[in-house]
Enquirer: 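Would you mind keeping the following structure in view while I ask a few things?
The chains referred to below are lettered A, B, ... by the order of the sequence lines, with proteins before strands, and numbering in each begins at 1.
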Amino acid sequence: QKEVEQDPGPLSVPEGAIVSLNCTYSNSAFQYFMWYRQYSRKGPELLMYTYSSGNKEDGRFTAQVDKSSKYISLFIRDSQPSDSATYLCAMSGAAGNKLTFGGGTRVLVKP
Amino acid sequence: DTEVTQTPKHLVMGMTNKKSLKCEQHMGHRAMYWYKQKAKKPPELMFVYSYEKLSINESVPSRFSPECPNSSLLNLHLHALQPEDSALYLCASSRGDGYTFGSGTRLTVV
């Protein structure tokens with residue numbers, strides 16, 4: 001069993017819809033949780049960074065962490081075709097330590 | 001400056017060649033990383049440098065040799081690579097509140 005599980009998709013939604021992404025993990029030592037967006041042939045771009053449990057909002061993006069369930073989510077409101085990319089969840093047990101990635105979810109937002 | 005800059009962007013090398021990948025950041029981050037990413041897979045950690053000292057080596061073959069000359073620079077020296085080493089090589093840096101990745105070097109070994 002992988003430490004971090006993420007549905008590979010693809011997830012196809014119409015423009016303007018809410019995109020809902022999630023990851024589950026097994027290592028209770030994880031405390032730092034991140035979401036990255038990666039376009040084809042580019043490096044990952046940090047979207048959201050969360051420490052421990054709770055919600056965080058930044059523009060159209062909302063990240064949720066539920067440590068009791070070992071479950072994290074990312075919601076993208078008012079999705080745009082430019083949001084079409086692969087979204088990777090990542091987590092670590094200590095700041096600056098090794099990142100463990102989920103497998104990535106490919107998202108396609110159709111005009 | 002909030003970027004991690006990697007050069008070159010593309011590299012084709014033969015199995016007997018020696019080449020180097022370079023990574024630079026001026027954000028004052030004291031942790032720097034090398035990751036390898038194959039197509040449709042997540043990045044895999046290779047090395048971690050913390051305060052210019054190698055702190056993690058994920059059992060990477062010796063044909064990959066990292067170097068951290070100073071707090072802003074990270075190199076990855078390549079020698080006698082195999083075709084299966086072809087991948088996107090990503091550099092990242094962190095100060096603890098998220099990891100900033102470069103755009104990567106797309107390496108092809110022929």
Enquirer: Step through it carefully: locate the ring centre of Phe101(B), locate the ring centre of Tyr36(A), and say whether they are under 6.0 Å apart.
Expert: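 So the answer is yes for these two rings.
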Enquirer: Other residues, nucleotides and ligands only: do more than 12 of their heavy atoms fall within 6.0 Å of NZ on Lys67(A)?
Expert: yes
Enquirer: Would you call Tyr32(A) and Tyr99(B) a side-chain contact if the rule is heavy atoms closer than 4.5 Å?
Expert: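 Result no, sub-4.5 Å side-chain heavy-atom pair not found.
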Enquirer: Is Gln6(A) close to chain B through its backbone or its side chain, or both, or neither, when contacts mean heavy atoms under 4.5 Å?
Expert: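 Neither the backbone nor the side chain of Gln6(A) comes within 4.5 Å of chain B.
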Enquirer: Leu99(A) versus Ser94(B): any side-chain heavy-atom pair under 4.5 Å?
Expert: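 No - every pair of side-chain heavy atoms lies 4.5 Å or more apart.
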Enquirer: Does some side-chain heavy atom of Leu88(B) sit less than 4.5 Å from a side-chain heavy atom of Gln38(A)?
Expert: yes
Enquirer: Report, as yes or no, whether the 6.0 Å neighbourhood of atom NZ on Lys9(B) holds more than 12 heavy atoms from other residues, nucleotides or ligands.
Expert: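 No, because the 6.0 Å sphere around NZ of Lys9(B) holds 12 heavy atoms or fewer from other groups.
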Enquirer: Is the CD1 atom of Ile18(A) crowded by more than 12 outside heavy atoms at less than 6.0 Å?
Expert: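 Not more than 12 within 6.0 Å, no.
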Enquirer: Please answer: with hydrophobic residues joined when any side-chain heavy atoms are less than 4.5 Å apart, are Tyr89(B) and Phe47(B) in the same cluster?
Expert: yes
Enquirer: What pair of heavy atoms forms the shortest contact from Pro44(A) to Leu90(B), and how long is it?
Expert: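 Heavy atoms of Pro44(A) and Leu90(B) come nearest at CD-CD1, 3.8 Å.
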Enquirer: Shorter than 4.5 Å, heavy atoms on both sides: which option in Gly102(A), Gly43(A), Gly104(A) has the most such pairs with chain B?
Expert: Gly43(A)
Enquirer: Mind checking whether Met91(A) and Tyr49(A) sit in one hydrophobic cluster, side chains of I, L, V, M, F, W, Y counted as touching below 4.5 Å?
Expert: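 Met91(A) does not cluster with Tyr49(A).
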Enquirer: Arg106(A) versus chain B, heavy atoms under 4.5 Å apart: side chain, backbone, both or neither?
Expert: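 Neither part.
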Enquirer: Name the region of Leu46(A), side chain, backbone, both or neither, that has any atom closer than 4.5 Å to a heavy atom of chain B.
Expert: side chain
Enquirer: Could you pull out the closest heavy-atom pair between Pro42(B) and Phe101(A), with the gap in Å?
Expert: CB-CB, 3.7 Å
Enquirer: Taking a hydrophobic cluster as the set of Ile, Leu, Val, Met, Phe, Trp and Tyr residues connected by side-chain heavy atoms closer than 4.5 Å, whether directly or through intermediates, do Val107(A) and Ile76(A) fall within one such cluster?
Expert: yes
Enquirer: What part of Glu58(B) gets within 4.5 angstrom of chain A, counting heavy atoms only: side chain, backbone, both, or neither?
Expert: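 Side chain only.
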Enquirer: Take a 6.0 Å sphere around CZ of Arg63(B) and say whether it holds more than 12 heavy atoms from other residues, nucleotides or ligands.
Expert: yes
Enquirer: Same cluster for Met15(B) and Leu78(B) if Ile/Leu/Val/Met/Phe/Trp/Tyr side chains link at under 4.5 Å?
Expert: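 Per the 4.5 Å side-chain linkage, Met15(B) and Leu78(B) are co-clustered.
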Enquirer: Would you mind checking which part of Gln37(B) comes under 4.5 Å of any heavy atom in chain A, side chain (CB onward), backbone (N, CA, C, O), both or neither?
Expert: side chain
